Amino acid sequence: MLDMSPSGPSRPGARLGARPGPRPGDRGQPRSGSVPATLGEVFALIRSGEVSTRSQVGRATGLSRTAVASRLSALLGSGLVVEDAGGGPAEGEPSGGGRPPIRLRFNRDAGVVLAGAIGRSRTQLAVCDLMGDVLVSSDLEQEVGPGPDELMPQVVACLSGLLEEVGRSASRVRAVGLSIPGTVDFGRGASLDSPIMPGWDRVELAPYLRVFGKAPVFVDNDANVMALSERRGHLERYRDLVLVKASTGIGAGIVSHGELLRGALGAAGELGHTKTPAAEGLTCRCGDTGCVEAVAGGWALVQTMRERGREVGHIRNLAAMAAGGDAEARHLVRESGRRLGEVLAATVNLLNPEAVVIGGDMVRAYDTFVAGLRETVYAGATALATRQLVIAPTTHGESSGVVGCAAMALEQVLNAAAVERALTSR
Ligand SMILES: [Zn+2]
């Protein structure tokens with residue numbers, strides 16, 4: 001098994017759009033300049049599907065037949081690339097006569113990635129293939145707010161069970177991707193500041209996952225990974241988007257020109273704790289007052305409902321009630337959208353995204369929530385910033401968290417530089 005651990009500090013802001021393709025400007029063209037294409041770059045071309053035969057690799061990179069053969073030999077040896085005999089001619093290849101060319105392709109089954117979206121009352125876990133597709137998944141319903149020593153062993157046990165279910169051993173794990181609510185120190189793989197997950201701050205999570213061998217562990221914020229889940233979704237169309245996670249809490253993941261913006265300290269996107277006049281004097285669960293979460297967060301809605309004598313366990317239930325036609329729940333969800341939209345309008349003016357993607361539990365009452373949100377975003381943002389603005393739900397729905405955790409981890413271990421390092425340091 002390859003050691004895919006990143007050497008040196010891991011690189012936040014890994015490119016997403018992630019066509020881990022050639023560098024801009026040399027798409028499909030022989031490379032100019034004197035630096036020959038690396039092993040990792042050849043892998044990126046094959047992974048993105050831009051090339052699928054030896055001669056296409058040669059044309060796209062300008063490498064000699066011998067150099068192509070040597071790089072492919074290493075890639076085939078690693079299992080990350082496989083050859084399929086037969087099939088029709090590849091695009092751009094002459095058809096008539098001769099043997100059909102042998103096709104090269106990225107081997108999505110050359111290992112697995114483990115994904116865990118850790119939450120306050122529920123943790124979603126999955127085993128994914130190297131394309132990031134979920135092979136098997138499971139939810140851990142837990143006591144509200146468990147500490148890492150309590151929850152992480154359960155996470156490990158559940159992931160081990162899922163691995164067994166798909167018939168893979170721990171040695172097949174290439175990477176682990178986890179998300180937690182709050183601000184995350186991406187480089188250290190630990191929460192930096194999560195008011196709703198007491199006991200998790202500065203606790204590195206990798207040591208809990210030693211049972212999965214040398215597989216590197218990456219940790220990011222919950223809204224950031226949901227934004228990354230759109231790499232196979234809205235990001236195939238839009239390069240600039242803001243993903244809003246509206247659940248118990250409210251957070252945002254920002255993608256600008258294909259890159260995730262984490263900010264100077266990783267605190268970008270803490271939308272829920274923006275002060276708003278509508279929440280003046282109201283105490284937020286972060287300890288401060290006046291945050292938009294105090295009027296629009298799922299926890300605040302549940303609290304309001306209970307104060308009115310209505311029994312409701314979680315925002316998931318409240319949103320389902322709204323979707324089912326409960327007038328009181330509908331009103332609260334619509335108001336939540338309206339209040340959040342007021343704050344989001346400033347984000348739209350500032351970033352001019354092509355799309356605002358809505359995820360989280362509130363999506364269960366999407367139409368009601370977005371009706372309110374649309375109203376105040378359009379009223380509060382400029383005509384130009386909203387002229388072509390698309391507001392849409394997440395592509396992967398309830399699986400966005402685990403799909404995003406897998407996408408985030410795969411970005412780190414399968415980018416050209418990481419593969420180059422892993423294969424040349426053997
Ligand atoms: Zn707050």
Side-chain angles (χ1 to χ4, degrees), residues 117-122 144-147 179-186 190-202 219-227 242-254 261-307 312 314-316 318-319 332-351 356 358-363 369 372-373 376-377 380 401:
I118 297 168
R120 185 170 154 82
S121 65
R122 181 178 64 162
V144 170
S179 71
I180 33 180
T183 302
V184 168
D185 183 338
F186 188 82
S191 166
L192 188 63
D193 179 32
S194 181
I196 63 157
M197 300 289 284
W200 289 72
D201 290 355
R202 295 190 165 75
V219 185
D220 207 340
N221 161 273
D222 56 350
N224 282 352
V225 302
M226 284 177 83
V242 173
L243 182 133
V244 176
K245 183 184 180 193
S247 277
T248 297
I250 295 170
I254 303 158
L261 298 186
R262 289 192 172 87
L265 297 176
E270 283 297 337
L271 195 64
H273 304 286
T274 304
K275 306 296 178 271
T276 180
E280 202 180 336
L282 296 175
T283 304
C284 180
R285 58 185 181 155
C286 71
D288 211 341
T289 60
C291 302
V292 67
E293 255 197 37
V295 284
W299 63 266
L301 271 57
V302 168
Q303 199 175 46
T304 304
M305 203 72 161
R306 285 179 185 158
E307 280 162 12
V312 53
H314 193 273
I315 185 60
R316 285 193 284 279
L318 194 153
L332 283 177
V333 167
R334 189 173 171 125
E335 272 304 296
S336 156
R338 214 177 258 142
R339 297 283 90 92
L340 180 58
E342 288 168 355
V343 169
L344 196 58
T347 306
V348 169
N349 277 347
L350 196 64
L351 298 172
V356 168
I358 309 292
D361 293 327
M362 217 74 96
V363 167
F369 181 69
L373 184 117
T376 48
V377 165

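Please read all numbers here as calculations on a predicted model, not as lab measurements. The residues of the chain are indexed from 1 along the displayed sequence. Indexing begins at 1, ligand by ligand and atom by atom, following the structure's order.
- With values rounded to the nearest 0.5 angstrom, R285 atom CZ is found 4.0 Å from I196 atom CD1.
- Inter-residue side-chain proximity for N221 and I180 is flagged as unmet; no heavy-atom pair is nearer than 4.5 Å.
- Between the side chain of D222 and the main chain of A117, no donor-acceptor pair closer than 3.5 Å is present.
- Both tests hold for R262 against F186: distance to the six-membered ring centre under 6.0 Å, angle to the ring axis within 45°.
- Listed by chain and number, the protein N, O or S atoms at a distance under 2.8 Å from the Zn ion (ligand 1) are H273 ND1, C284 SG, C286 SG, C291 SG.
- Across every non-hydrogen atom of A300 and E293, the tightest pair is CB-O, 3.5 Å.
- Judged by distance alone, the side chain of T289 and the main-chain N or O of L282 form no donor-acceptor pair under 3.5 Å.
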